[in-house]
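Written below as structure tokens is the structure these notes are about.
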Amino acid sequence: MGILEVTNVNKRFGGLQALGDVNLDIPAGTVHAIIGPNGAGKSTLLNVLVGKLIPDTGTVMFDGKPVLGRKPYEINQMGISRVFQTPEIFSDLTVFENMLIPCFAKRDGSFRMHALESMAREKDIIGKAEHMLSDVNMIDKRNMVASSLSRGDKRRLEMAMCLVQEPKLLLLDEPTAGMARADTNNTIELLKEIHASREITMVIIEHDMHVVFSLAKRITVLAQGTPLVEDTPENIKGHPKVKEAYLGEAA
Amino acid sequence: MLGLSKKDTFFFLFVVFLTMATPIILQPFPEGSALAQFNAGYPDLMQRFAIYGIFAIGFNILFGLTGYLSFGHAAFLGVGSYSVVWMYKLLNYNVVPGLVLAIITSGLFALLIGYISLRRSGIYFSILTLAFAQMSFNLAYSVLTPLTNGETGLQVYNDDPQILLGANHPLGPHFFGIVMQDSAKINVGGWQWTFNNGYYFCAIIAVIAFYLSLRIFRSPFGTMLRAIKTNQTRMNYTGLNPRPYTLAAFVISGMYAGLAGGLLAAMDPLAGAERMQWTASGEVVLMTILGGAGTLMGPVLGAGFIKYFENIFSKINDGILHHWFSALPDGVEEFLVFIFHPFIGKGWSLTLGLLFMLVVIFLPGGLIEGGRRLGNLFTGKSRKPTTPAKDPEHHPKPAPHVA
Ligand SMILES: Nc1ncnc2c1ncn2[C@@H]1O[C@H](COP(=O)(O)OP(=O)(O)O)[C@@H](O)[C@H]1O
Ligand SMILES: [Mg+2]
């Protein structure tokens with residue numbers, strides 16, 4: 001039994017079957033990739049996992065507990081963090097302040113009213129945030145306003161914000177979309193490090209085959225909302241169905 | 001000191017100094033000089049500076065930090081005033097029970113209005129708060145007349161119970177015997193300074209209110225509020241529920257407004273429904289934006305600026321204009337008076353409107369930004385706005401989020 005179990009999930013948008021009978025069983029501690037052509041339903045599936053969308057049928061179990069019906073902030077509190085296709089960060093805040101928010105959320109839960117406490121006295125939180133920033137090599141950008149970061153750094157910051165909460169499952173929606181090759185390779189290295197140093201399960205949605213084959217242990221190929229095959233990267237590479245799905249799109 | 005960083009402590013002590021010295025600072029011109037009409041050191045005006053300063057500081061905690069633009073804060077102002085007058089009627093003229101009640105009732109009222117209005121954001125939130133305030137205003141005039149005394153306004157009558165009123169108690173608002181309207185006048189050279197009890201009472205409360213807002217700005221809670229303003233999606237996916245935070249900010253700012261309304265009645269023992277009108281809600285929005293939303297001092301400056309010019313411009317009449325331009329040839333004099341006439345006296349709101357437009361267009365960060373640009377000009381720093389990272393204050397974008 002895996003840490004994340006998706007059973008018979010269906011989702012229609014009007015006449016469009018965005019997800020059809022999706023079943024997944026992802027063991028704890030692995031890196032699992034979901035690939036598929038544009039419009040295959042990858043982002044929709046992710047939105048179901050984080051509570052943003054309610055599927056028409058099916059169940060999602062995380063760590064033995066049902067996910068569906070909970071709000072996104074409750075699902076995060078269960079231990080699921082999400083990295084977005086375009087980084088979602090607090091762009092008016094400094095890099096350091098961006099890091100403080102998830103630290104407080106992890107320690108205090110979804111709400112705590114410390115209106116008269118001085119930030120300077122939150123030594124543990126500050127230490128944790130600084131430590132994480134060093135881990136992703138961003139400590140020198142501590143006092144920069146997040147909106148002025150490069151795209152690669154924004155992604156890095158968003159990942160650091162997720163990781164500092166020590167999630168059990170990290171969901172990544174096209175983490176390298178729109179990145180230059182160098183940035184992409186940096187991100188791959190970062191993700192490899194993250195996975196090597198923490199017992200974390202990752203589900204990556206990706207378009208870029210290079211990224212997928214460098215990271216994933218297992219790959220699910222999604223086409224028109226339905227999983228075609230699930231296998232190891234080696235087997236997926238030469239799989240006729242995958243070629244068909246991908247080459248069909250590329251042609 | 002006081003749980004503040006060194007820099008903030010200096011800043012706070014500076015504000016305390018300015019507040020305490022206001023009766024002197026605002027009388028720069030000697031009595032009897034031509035410029036004496038620009039003095040602002042009168043008890044009545046100074047009290048309004050302090051009270052509307054509190055109102056704006058509180059409003060800024062909601063609007064400046066979270067970006068939720070309430071158009072109904074005057075309702076809390078009114079609730080505060082009514083609470084204080086009721087305590088006069090039932091107990092005696094000591095302002096303390098009334099002010100405590102004002103904070104409690106406005107807080108509860110804000111909890112109710114905020115709980116409902118905060119289900120939406122952006123323009124829908126603003127409209128909901130406006131609707132609630134107009135409802136309160138109309139109710140105060142109609143159904144709630146037994147509580148508000150309708151159009152006449154709530155005031156103390158001889159046959160009111162006033163159960164705690166002793167034989168030698170003052171017959172006007174007082175703080176344990178210190179009568180609000182009493183003043184000490186001191187003449188030094190040609191200058192006259194008025195040290196009024198009411199002003200100092202409001203000023204001390206304003207300083208405390210400012211101190212609390214400074215603490216909130218620097219606290220984890222304050223950072224959360226700014227995060228909500230920037231990105232609610234990330235907030236949700238970080239395991240935080242934005243609603244309780246915004247509601248807490250709403251209630252806090254409602255309590256500030258209630259306190260301000262209470263102080264209005266503590267200076268002048270009357271409460272009328274017009275205090276709840278939408279124009280009063282709009283005024284605090286103007287004050288906050290004019291001074292600089294999201295900055296610590298901006299709203300206070302905005303409040304002072306509006307109350308000062310309201311006082312000056314509404315006092316100037318055609319006679320004074322003729323006097324000013326009397327040195328000029330008759331035709332020119334008539335022409336200038338004709339030009340300025342619409343902007344003075346009752347036309348003061350036209351002047352305010354124009355000033356507001358100028359500030360919003362040329363100084364989107366408000367008067368605070370103007371001050372900073374001037375400072376940079378003198379110190380020769382680059383004209384680019386400094387990044388908030390080096391800046392102790394926070395400058396939000398004017399755009400509120402829309403659902
Ligand atoms: N909120 C929505 N309403 C209607 N259709 C949607 C919505 N979200 C996605 N879709 C449709 O569902 C299909 C799958 O979309 P998506 O999951 O974003 O694909 P992918 O991320 O794999 O490119 C697409 O055809 C898309 O147009
Ligand atoms: Mg997508």
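- Atom CZ of R107(A) has more than 12 neighbouring heavy atoms from other residues, nucleotides or ligands inside a 6.0 Å radius.
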> side chain to side chain contact (heavy atoms under 4.5 Å, CB included) between Y73(A) and L240(B): does it pass, once the steps are laid out?
Replying inline: CA-CA 5 Å; Y73(A) 74 86; L240(B) 294 159; 5.7 Å; no
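- The heavy-atom pair separating A227(B) from I101(A) by the smallest distance is CB-CD1, 3.6 Å.
- For R218(B) (side chain) and S118(A) (main-chain N/O), no donor-acceptor pair under 3.5 Å exists by modelled atom type.
- Residue with the most contacts toward chain B among E74(A), K52(A), R142(A): K52(A) (heavy-atom pairs, distance under 4.5 Å).
- Taking the six-membered ring where the residue is Trp, the centroids of F84(A) and Y237(B) are separated by under 6.0 Å.
- Each of G239(B), G3(B), P244(B), S5(B) has some count of heavy-atom pairs under 4.5 Å with chain A, and the biggest count is that of G239(B).
- When heavy atoms are compared at a cutoff of 4.5 Å, L212(B) approaches chain A by way of both its backbone and its side chain.
- Of the atoms belonging to T233(B), it is side-chain heavy atoms, and not backbone ones, that fall under 4.5 Å from chain A.
- The CG atom of L100(A) sits 8.5 Å away from atom CE of M224(B), with the distance rounded to the nearest 0.5 Å.
- For F14(B), the CZ atom sits in a loose shell: 12 or fewer heavy atoms of surrounding residues, nucleotides or ligands are nearer than 6.0 Å.
- There is no contact between M78(A) and chain B, counting heavy-atom distances below 4.5 Å.
- When side chains are defined from C-beta on, F90(A) counts as touching M235(B), because their heavy atoms get closer than 4.5 Å.
- Ion pairing between R215(B) and E117(A) fails under the 4.0 Å rule for side-chain N and carboxylate O.
- By the 6.0 Å contact criterion, CG on D124(A) is open, its count of non-hydrogen atoms from other residues, nucleotides or ligands being 12 or less.
- Two residues are said to be in side-chain contact when any heavy atoms from C-beta on lie closer than 4.5 Å; Q165(A) and T238(B) meet this criterion.
- Of all non-hydrogen atoms in E88(A) and N231(B), the two that sit nearest each other are OE1-ND2, 2.7 Å.
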>> Run K71(A) and N236(B) through side chain to side chain contact (heavy atoms under 4.5 Å, CB included) and show every step you take.
In response: CA-CA 8 Å; K71(A) 301 221 169 66; N236(B) 273 307; over 6 Å; no
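- For the atom pair CG (N76(A)) and CG (N241(B)), the distance works out to 12.0 Å, reported to the nearest 0.5 Å.
- For the pair T223(B)/M119(A), a side-chain contact is recorded, criterion being any heavy-atom separation below 4.5 Å from C-beta on.
- Heavy atoms only, all atoms of each residue included: A115(A) and F221(B) are closest at CA-CB, 3.5 Å.
- Between H114(A) and S219(B), every side-chain heavy-atom pair lies at or beyond the 4.5 Å cut-off.
- I75(A) does not touch chain B: none of its heavy atoms, backbone or side chain, sits under 4.5 Å away.
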